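Reckoned from all heavy atoms, side chains included, excluding hydrogens, waters and symmetry mates. Residue numbering restarts at 1 for every chain, and letters A, B, ... go by the order of the sequence lines. Source: prediction; values computed, not measured.
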Protein chains: 2
Amino acid sequence: MASQANARKGSGRHASAPAPDEGTAMRIGDLARLVGTTPRTIRYYEEIGLLPAAAERHAGVHRLYGASDVERLREIMSLRQLLGVSLEELKELLSAQEARAALKAEYHREDLSPARRREVLAESLVHIERQLALVERRVRELSGLRDELRGRAKRIRALLAEGKQGAAQRRKAAAGGRA
Amino acid sequence: MASQANARKGSGRHASAPAPDEGTAMRIGDLARLVGTTPRTIRYYEEIGLLPAAAERHAGVHRLYGASDVERLREIMSLRQLLGVSLEELKELLSAQEARAALKAEYHREDLSPARRREVLAESLVHIERQLALVERRVRELSGLRDELRGRAKRIRALLAEGKQGAAQRRKAAAGGRA
DNA sequence: TCTAAACCTTACGTGAACGTAAGCTTGAGG
DNA sequence: CCTCAAGCTTACGTTCACGTAAGGTTTAGA
């Protein structure tokens, strides 16, 4: 019922196209398999606004995705895993990127004042740098942890090497080493 | 950080001492404030076996913690945040460390065969290296992300700089730059 | 045209990681 | 010794991030 005025199946263009014009159109199951998740998760992300909800999709019609959606979803899952943030925080972080995508389109139009163009770029830069700061902090912290662990490993290896060639009493000299 | 053989407290020794001999004994609320969490969380961690449950504590008696507990809890929260693992996974990861702590005690006894000593050390090394591998992978992934973001920022800054000194048409020449 | 797999919506269920409330007990300080 | 803030146990509540099931619809393909 209600098949609407959508009879234009001639070539491409069904409801809910993946993007203005992106080659490969896949369904939710394919996308899920591709990025290693489930349809439910993808729908959930859409539901909470983490993934954009193809505007022109009538109730019941299958969702369609393109290459950019794959990329986006991959990025989401990667960021989530790496930064360990909640989906809500991630959404905020990426709203930046969404805006950037929109602005990117705007940016590439020929009729755009240089001033506006600069505005768009500047805003993008702010967003990226915010993400960057987050990531860099994280890298620093993790590097610290890594170095600590390396130190411990090194100390143990030293003890092992020392023990190997006799000198069991030598240990007292090198006291303080935490096992 | 080992406080070594401290002067025995005059009349210390209530149930649930923080450790065989650790100076500062604090209650759960203090510990919570110190590491930035809540008593409930600490009890929960104990409940699921992530924090050791002072063996000799009779029902109803207040929990007491020492410096090593602070350290332990800090490490837990840090690892959890940095590695983004579940408490269950973390528990496994740390069971290693727990064992190490136990073995450390054993290790420092004078009467211990060099062979056994080497065993203890080797096992410790395995555990540490497992953690290390995890952390290093994480660092690599995050570094990749960081570099990607840096690249994007750089490109945008280049566009901004270019736009700044006139030449609005120059853009066409440097086409392909993703906003 | 017909079929069956994949998808749709809606809604309730679940595990992890705590939050919160109630009623009672402990223990540090006056 | 008394008090009362802080703790204790028990138990139900909550948020997040999906899982799962039911019942109907869409759509690729024979």
Engineer: OP1 or OP2 of D:dC18 less than 4.0 angstrom from a side-chain nitrogen or oxygen of A:Thr38, does that happen here?
Structural biologist: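 Indeed not, no polar side-chain atom of A:Thr38 lies that close.
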Engineer: For the helix from C:dT1-D:dA30 to C:dG30-D:dC1, measure the angle between the helix axis at one end and the axis at the other, each built from five pairs, rounding to 10°.
Structural biologist: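 The angle separating the two end axes equals 20°.
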Engineer: A:Glu141: which residues meet the salt bridge (Lys or Arg N to Asp or Glu O under 4.0 Å) condition with it, sequence neighbours left out?
Structural biologist: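 Applying salt bridge (Lys or Arg N to Asp or Glu O under 4.0 Å) to A:Glu141 gives A:Arg137.
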Engineer: Name every donor-acceptor pair, under 3.5 Å, that has one atom in a side chain of residues 40-53 of chain A and the other anywhere in the protein, sequence neighbours excluded.
Structural biologist:
residue, atom, partner, partner atom, Å
A:Thr41, OG1, A:Thr38, OG1, 3.1
A:Glu46, OE1, A:Arg63, NE, 2.8

Engineer: Using 0.5 Å steps for rounding, measure from the CG atom of A:Leu64 to the CG atom of A:Leu31.
Structural biologist: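 So the CG of A:Leu64 and the CG of A:Leu31 are separated by 11.0 Å.
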Engineer: Does any part of the side chain of A:Tyr65, heavy atoms only, come nearer than 4.5 Å to the side chain of A:Val70, both counted from C-beta?
Structural biologist: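 A side-chain contact under 4.5 Å is absent here.
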Engineer: Rounded to whole Å, please give me the gap between CG in B:Leu50 and P in C:dC18.
Structural biologist: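 Distance check: B:Leu50 CG to C:dC18 P gives 10 Å.
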Engineer: Going by the rule side-chain contact (heavy atoms from CB on, under 4.5 Å), which residues pair with A:Glu148 if we only count those two or more places apart in sequence or in a different chain?
Structural biologist: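 Residues passing side-chain contact (heavy atoms from CB on, under 4.5 Å) with A:Glu148: A:Arg152.
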Engineer: Among all residues two or more places apart in sequence or in another chain, which pass the salt bridge (Lys or Arg N to Asp or Glu O under 4.0 Å) test with B:Arg80?
Structural biologist: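 Here no residue qualifies.
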Engineer: Rounded to whole angstroms, how far apart are CD on A:Glu46 and C1' on D:dC18?
Structural biologist: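 Atom CD in A:Glu46 sits about 15 Å away from atom C1' in D:dC18.
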Engineer: I'd like a table of atom pairs between the protein and nucleotides 4-6 of chain C - only N or O on both sides, under 3.5 Å - with the distance next to each one.
Structural biologist:
residue, atom, partner, partner atom, Å
C:dA6, O3', A:Arg27, NH2, 3.3

Engineer: Tell me: CG of B:Leu31 to P of D:dC8, nearest whole Å?
Structural biologist: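 Rounded to whole Å, this separation is 11 Å.
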Engineer: Can you build the contact string for nucleotides 9-17 of chain C? Use B for base contact, S for sugar-phosphate-only contact, and - for no protein heavy atom under 4.0 Å.
Structural biologist: B-------B
Engineer: Just jot down the salt bridge (Lys or Arg N to Asp or Glu O under 4.0 Å) partners of A:Arg140, sequence neighbours excluded, or say none.
Structural biologist: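 If we apply the salt bridge (Lys or Arg N to Asp or Glu O under 4.0 Å) test to A:Arg140, skipping adjacent residues, there are no hits.
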Engineer: Can you name the side-chain contact (heavy atoms from CB on, under 4.5 Å) partners of B:Leu134, sequence neighbours left out?
Structural biologist: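 With sequence neighbours excluded, B:Leu134 shows a side-chain contact (heavy atoms from CB on, under 4.5 Å) to B:Leu83, B:Leu93, given in chain and number order.
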Engineer: Report yes if a side-chain nitrogen or oxygen of A:Thr41 is closer than 4.0 Å to either non-bridging phosphate oxygen (OP1 or OP2) of D:dA17; otherwise report no.
Structural biologist: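 Result: no.
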Engineer: Whole angstrom is fine here: how far is it from CD in A:Gln81 over to C1' in D:dC18?
Structural biologist: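 For the pair A:Gln81 CD and D:dC18 C1', the rounded distance is 16 Å.
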Engineer: Output the rounded distance in Å from CE (B:Met26) to C1' (C:dA28).
Structural biologist: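 Taking atom C1' of C:dA28 as the reference, CE of B:Met26 is at 16 Å.
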Engineer: For A:Arg33, enumerate each residue passing the salt bridge (Lys or Arg N to Asp or Glu O under 4.0 Å) test, keeping only those at least two apart in sequence or located in another chain.
Structural biologist: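 Listed in chain order: A:Asp30.
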Engineer: Could you work out, with side-chain contact (heavy atoms from CB on, under 4.5 Å) as the rule, every residue matching B:Arg150, not counting sequence neighbours?
Structural biologist: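 B:Arg150: side-chain contact (heavy atoms from CB on, under 4.5 Å) contacts with A:Leu132, A:Glu136, B:Arg146, B:Asp147.
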Engineer: The criterion is side-chain contact (heavy atoms from CB on, under 4.5 Å); which residues satisfy it with A:Gln81, sequence neighbours excluded?
Structural biologist: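 In terms of side-chain contact (heavy atoms from CB on, under 4.5 Å), with neighbours along the sequence ignored, A:Gln81 is linked to B:Arg138.
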